[in-house]
Protein chains: 2
Amino acid sequence: MLTKEELEEYCKTARESYLPHISIDCVVFGFHEGLLKVLLLTVKNEGGWYLPGGFVLKDEPIELSANRILKERTRLDEIFLQQFHVFGDPQRSKQHFDMYKDMLPPKDNWFTNRFLTIGYYALVDFCDVNPSPDQFAATCSWCDLNDLPELKLDHALILKTALDTLRLQLNYQPIGYNLMQKEFTMPELQKLYETILDKKLDRRNFQRRMLGFGILKRSEKPRKGGAHKAPYLYSFDLENYEAALKEGFKGGW
Amino acid sequence: MLTKEELEEYCKTARESYLPHISIDCVVFGFHEGLLKVLLLTVKNEGGWYLPGGFVLKDEPIELSANRILKERTRLDEIFLQQFHVFGDPQRSKQHFDMYKDMLPPKDNWFTNRFLTIGYYALVDFCDVNPSPDQFAATCSWCDLNDLPELKLDHALILKTALDTLRLQLNYQPIGYNLMQKEFTMPELQKLYETILDKKLDRRNFQRRMLGFGILKRSEKPRKGGAHKAPYLYSFDLENYEAALKEGFKGGW
DNA sequence: CGCCGATAGTGTATTTTTGACACAAGAGTA
DNA sequence: TACTCTTGTGTCAAAAATACACTATCGGCG
């Protein structure tokens, strides 16, 4: 929560720099140890969790806005970002900023405006990311999708919509490629599919089908270390992968 | 094109009523005689074709905006509308309204603002629609998708994106239901699928598969009149249809 | 009235893909 | 070396997709 002076300063800058009434919220997905994760923030001096979000500069393409916002708020840069929905309920942020309501007259107060928010989902390699909060955030951390805290605003809806989109686009977007590490085992990839689809898959049929797409390259050396049979390592054959995505992977899961 | 007085009046009303920097454009699809059609407008005293579009009232949910805009501009009401993409290039409308640029100072001039536009696609029963232009439009008419005029602004991109979305969502949205008349023949439905997918399908396999979904009811009486064997009439079994859509029709085309 | 052309309805053999399942192989551990 | 756990691979039956051919019925025409 901001002091009156901070609020005034912030609102002034915001009005000068950003398009009014428009925001962007990002759902950043990562995958680690068989679990889907989302990057969430908490705000200083305030309880509750938020998706990383921000505003659109007056002369900035929105794709770049989304990228910039993520970079500013989480230090992530040049990652896979995909617009998925606009949330335009006039009430969606109405009560939320009540705390600032009386500090400034409505016409000066950026936060009592109505905001449409454009939802983007992002896919990152969990291991590449070292979440670190920006000046406004107290914390920035990965949360397990199965164990989410309560989210502020309509961010739970945005998150759910992102997840539904992910599920629907699994055959048309490079989701595996962007969420997995460079090299991975077949069981790890299967776990990702199972998590996104929320459904158990048969190990052998999954492997047959995946290999059938012709988008995987098998590395010579298996991964050692576990107390079991060493699994082969795979990586995506980017050329074939992209060609296959244009058609979509046929068949359902 | 507006006179200076009309422009002043319009800008004043717009600033009072609408959210700035945000617009909505609608791609209205219809299907008639085996061809996909799109509803396009021309503007009075100006060449060129546009998608029907408009603005969001300050306190209006965007879904209602889209509905209202279509109603105002084309008299269509309560039709299937689906948000599909936001177009946010800062240049997308920059040059377009140059004709109004010098009539009013930039801060008063609604049209020299940057606009993000939210794309909606709409599906209507062609026969229900009697296109009629509103006060701003000179004409409002169906255009064949294979024979489109040149579109203003980035409306060609918006239209193409809508069409791509339609193709991807064919198995998840009630596209057939909303584009076909209440009763239709199997070859007519097949033609719709062929048109959207831009691909020939086998008559017999199409029929078997469609019937296999269990979403069609066959009417007792066939359609008479043509100089050929009378085809059966079908209609959608709405209950099964909606249940099936939740899962998605499995398999590709 | 019967034949023709065109379109619609239905069936069947073949191939491909899915789904279910079992066993062998390798790596660490006791 | 035997055991456990996990991964890799093969096989068979069922289901689905594909390719293709025949029959039925309408209106029109001689």
Side-chain angles (χ1 to χ4, degrees), chain A residues 33-35 170-171 176 180-181 183-195 197-235 240 244 247-253, chain B residues 32-35 170-171 176 180-181 183-235 240 244 247-253:
Chain A
E33 290 178 350
L35 295 168
L170 196 51
N171 285 340
M180 301 300 288
Q181 298 182 249
E183 294 201 306
F184 49 89
T185 69
M186 193 61 79
E188 284 166 1
L189 185 62
Q190 180 181 343
K191 195 88 183 124
L192 173 64
Y193 272 75
E194 290 182 336
T195 308
L197 296 166
D198 198 22
K199 181 198 287 194
K200 280 260 163 242
L201 300 172
D202 183 275
R203 206 162 53 84
R204 294 148 287 194
N205 297 334
F206 178 83
Q207 164 140 341
R208 175 161 33 122
R209 191 134 166 241
M210 262 302 161
L211 292 177
F213 291 141
I215 58 170
L216 294 179
K217 284 182 300 194
R218 191 162 90 176
S219 150
E220 292 307 309
K221 304 177 200 327
R223 166 174 299 173
K224 297 273 188 173
H228 309 290
K229 174 167 183 179
Y232 286 105
L233 285 171
Y234 293 89
S235 58
N240 290 357
E247 295 297 305
F249 299 119
K250 68 176 171 182
W253 296 93
Chain B
H32 189 59
E33 290 177 350
L35 295 169
L170 195 52
N171 285 339
M180 302 300 288
Q181 297 182 248
E183 296 202 304
F184 50 87
T185 68
M186 193 61 78
E188 284 166 2
L189 184 62
Q190 181 182 339
K191 195 88 183 121
L192 173 64
Y193 273 74
E194 291 183 336
T195 307
I196 292 178
L197 296 167
D198 197 22
K199 179 198 288 194
K200 278 263 162 243
L201 301 171
D202 182 275
R203 208 159 52 84
R204 294 148 286 196
N205 296 333
F206 179 83
Q207 165 138 340
R208 174 152 33 108
R209 185 132 171 242
M210 263 300 159
L211 292 177
F213 290 141
I215 58 170
L216 295 178
K217 286 182 300 195
R218 191 161 91 176
S219 152
E220 293 306 309
K221 302 177 204 327
R223 164 175 299 172
K224 296 274 187 172
H228 310 291
K229 176 166 182 177
Y232 286 104
L233 285 170
Y234 292 87
S235 58
N240 290 358
E247 295 297 305
F249 299 118
K250 68 174 171 184
W253 296 94

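Values below: every heavy atom of this structure, side chains too, minus hydrogens, waters and symmetry copies. So that the names make sense, note that chain A is the first sequence line, chain B the second, and so on, each numbered from 1.
Listed pair A:Q207 / D:dT7 fails the phosphate criterion, with no side-chain N or O lying under 4.0 Å from OP1 or OP2.
If you take OH of A:Y232 and P of D:dG8, they are 7 Å apart, rounded to a whole angstrom. For the pair B:L211 CG and C:dG11 P, the interatomic distance rounds to 12 Å; values are reported in whole Å. Atom pair B:L201:CG and D:dA17:C1' shows a separation of 13 Å (rounding to whole Å applied). The separation between B:K199 atom NZ and D:dT18 atom C1' is 13 Å, rounded to whole Å. Atom P of nucleotide C:dG9 and atom CG of B:L216 are separated by 12 Å, given to the nearest angstrom. With rounding to whole Å, A:M186 atom CE is found 12 Å from D:dT9 atom C1'.
With sequence neighbours left out, the side-chain contact (heavy atoms from CB on, under 4.5 Å) criterion links B:R203 to B:Q190. Every residue two or more places apart in sequence or in another chain that forms a side-chain contact (heavy atoms from CB on, under 4.5 Å) with A:L35 is listed here: A:K37, A:D144, A:N146. Annotation: side-chain contact (heavy atoms from CB on, under 4.5 Å) contacts of B:K217 (sequence neighbours excluded): B:S235, B:D237. Shown here are the side chain to side chain donor-acceptor pair (under 3.5 Å) partners of B:R218, two or more places apart in sequence or in another chain: there are none. Evaluation of the side chain to side chain donor-acceptor pair (under 3.5 Å) rule for B:R204 yields B:D202 as partners, not counting sequence neighbours.
Remark: B:E188 CD to B:Y234 OH distance equals 12.0 Å, nearest 0.5 Å. Once rounded to the nearest 0.5 Å, the distance linking CD of A:Q207 with CG of A:L189 reads 10.0 Å.
Taking both residues in full, the closest heavy atoms of B:L192 and B:M180 are given as CD2-SD, 3.7 Å, listed atom of the first, atom of the second, then distance. Contact record, B:P231 with B:T185: CG-CG2, 3.5 Å, taken as the closest heavy-atom pair. In terms of heavy-atom proximity, B:M186 sits nearest to B:M210 at SD-CB, 4.2 Å. Between A:I215 and A:A244, the shortest heavy-atom distance links the atoms CG2-CB, 4.0 Å.
For the segment residues 188-196 of chain B, no residue has any heavy atom less than 4.0 angstrom from an atom of DNA chain D.
Stem list for DNA chain D (at least 3 consecutive Watson-Crick or G-U pairs, distances under 3.5 Å): C:1-30 with D:1-30.
Sorted by first and then second residue, the ring-ring contact (aromatic ring centres under 6.0 Å, His included) pairs involving residues 184-228 of chain B (not counting sequence neighbours) are B:F184-B:F236, B:Y193-B:F206, B:Y193-B:W253, B:F206-B:W253, B:F213-B:F249. Among pairs with a residue in residues 189-199 of chain B, those fulfilling salt bridge (Lys or Arg N to Asp or Glu O under 4.0 Å) read B:E194-B:K200, at least two apart in sequence or across chains.
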Restricting to nitrogen or oxygen on both sides, can you table the protein-nucleotides 14-17 of chain C pairs closer than 3.5 Å?
none

Going 5' to 3' through nucleotides 20-30 of chain C and flagging B where a protein heavy-atom sits under 4.0 Å of the base, S where only the sugar-phosphate is that close, and - otherwise, we get BBB--BBBS--
